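Report on the following structure.
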Amino acid sequence: MARSLLSHLPVLSNSASPLASSLSCAITPSKCFGRHLFVRPEASSFQCLCTLSLSEPAVPETSSSVRKRIVSGVQPTGSIHLGNYLGAIKNWIELQNSYDTLFFIVDLHAITLPYETRQLAKSTRDTAAIYLACGVDTSKAAVFVQSHVRAHVELMWLLSSATPIGWLNRMIQFKEKSRKAGDENVGVALLTYPVLMASDILLYQSDFVPVGEDQKQHLELTRELAERVNYLYGGRKWKKLGGRGGTIFKVPEPLIPPAGARVMSLTDGLSKMSKSSPSDQSRINLLDSKDAIANKIKRCKTDSFTGLEFDNPDRPECNNLLSIYQLVSGKTKEEVAKECQDMNWGSFKPLITDALIDHLHPIQVRYEEIMSDLAYLDGVLAEGAARATDIADATLNNLYQAMGFLRR
Ligand code: ATP
Ligand code: MN
């Protein structure tokens, strides 16, 4: 299997898809010099923040026999919240219909900050069950646990040798998290986390990575690293070593949903909703009870302006709550703007509470069903890991070869 995939990879990485008619650019064609392209897979409104040149394939060719590939994952730390859901998981459900998708639980990332060993395995299963409960369909997507595919860590080591430390020192998330955790005492893994993330993506020759805005910088690093490794070890150098030559890694593009890309904290509209925030009040967890949801919305931060509106920079909490309401109610931004313009917080809060409960309830019911059959869940994860391993090993073998290692 690994061999057949190996021979398949050049086809994957060279497959150029024509510019589809749905391609649209935010900049008028006369002003766009080919560095800004927006991508709309199917009828969805995903935005691709790519910097492709126009001569390169730009739009995912979703109907061809070789589907474009997408990977994404969530850490099994704390509880999955609305930001993870609206910024990532909810979008996967649509993407799995048009792309070759791999969704994993990034347990190796979960140990970058101090964590509870007794909780890790449970959180990993919980997260997998939430993926399925949210609608990830294992007949379409591979669902697996990152640490079950050893190639992730192995590739990370190889990539580390090609990663300038300055790139890692620049990462905003490292700066923020290490400051919070007490600088000198944080584990090295917090610094090298983006290299592991790069290996998560590059192993699978991914075309697109749907991420919230907080991950944009890490994805940019992944792209730079892919290009650097291709340059250092790919092409003719690789061919001389007996490889196929050409690029080793596909350079992935971020796919960022226009709304929900950054769900903000309930207690501070200027910081993102986050698993690692110590205050549970700051987030809606996907498994929160009706009472907990009602209570959190009742106590969330608001303002004292009249009426409710989107996009007022002086009203980050208002924009955040309206955006959440829009996404969970399934209404358009215009509909919500109109519906809520004359409301006060007293009338809006029950509305958003009910919309949240209605949206999350079916997910919670399915979650309970899945968790009551752990043999099924573990089977799904084993199958997903087997599929992922085949693809990952092919990439890893290519890189070992290109880097000149003696192979068994
Ligand atoms: P941590 O605080 O531990 O970093 P997190 O809440 O940021 O946790 P991750 O597991 O790091 O969660 O992220 C999983 C996915 O969820 C990523 O794709 C990330 O971009 C997305 N995501 C996380 N927080 C938000 C948010 N507030 N809004 C939108 N997307 C988010
Ligand atoms: Mn995060």
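As the structure is a prediction and not an experimental result, all values here were calculated from the model. Just follow the structure's listing: the first ligand is 1, and inside any ligand the first atom is 1. For reference, positions follow the sequence shown, starting with 1.
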Is it true that a side-chain atom of [X] and a backbone atom of [Y] form a donor plus acceptor pair closer than 3.5 Å?
{"X": "Gln205", "Y": "Pro252", "result": "no"}
{"X": "Asn319", "Y": "Asp311", "result": "yes"}
{"X": "Lys301", "Y": "Asp268", "result": "no"}

Would [X] count as being in polar contact with ligand 1, using the rule that some N or O on each side must be under 3.5 angstrom apart?
{"X": "Pro210", "answer": "no"}
{"X": "Gln75", "answer": "yes"}
{"X": "Gly73", "answer": "no"}
{"X": "Gly83", "answer": "yes"}

Any idea which atoms of ligand 1 are less than 4.0 Å away from a heavy-atom of [X]?
{"X": "Gly87", "result": "29 (C), 30 (N)"}
{"X": "Ser274", "result": "1 (P), 2 (O), 6 (O)"}
{"X": "Val263", "result": "26 (C), 27 (N), 28 (N), 29 (C)"}

Practice problem: Please verify whether a non-hydrogen atom of His81 lies at under 4.0 Å from ligand 1. | Solution: yes
Quiz item: Is it true that Lys177 lies under 4.0 Å from ligand 1, counting heavy atoms only?
Solution: yes
Exercise. Select the closest option to atom 17 (C) of ligand 1 among Lys90, Arg262, Gln215, judged by heavy-atom distance.
Key: Gln215
Quiz prompt | Closest to atom 10 (O) of ligand 1 (judged by heavy-atom distance), picking from Lys275, His218, Glu176, Met264 | solution = Lys275
Quiz item: Roughly how far, to the nearest 0.5 Å, is the CE atom of Met403 from the CG atom of Asn398?
Solution: 13.0 Å
Exercise. Kindly compute the distance separating CG (Leu202) from CG (Leu396), expressed to the nearest 0.5 Å.
Key: 12.0 Å
Exercise. Quick one: do Asp288 and His81 satisfy side-chain hydrogen bond (donor to acceptor under 3.5 Å, both in side chains)? Show the steps, please.
Key: CA-CA 9 Å; Asp288 273 347; His81 54 76; over 6 Å; no
Self-check item: Polar contact flag, side-chain donor to acceptor under 3.5 angstrom, Ser139-Asp137
Solution: yes
Exercise. Of all the heavy-atom pairs spanning Asn230 and Ile248, show the shortest one and how long it is.
Key: OD1-N, 2.8 Å
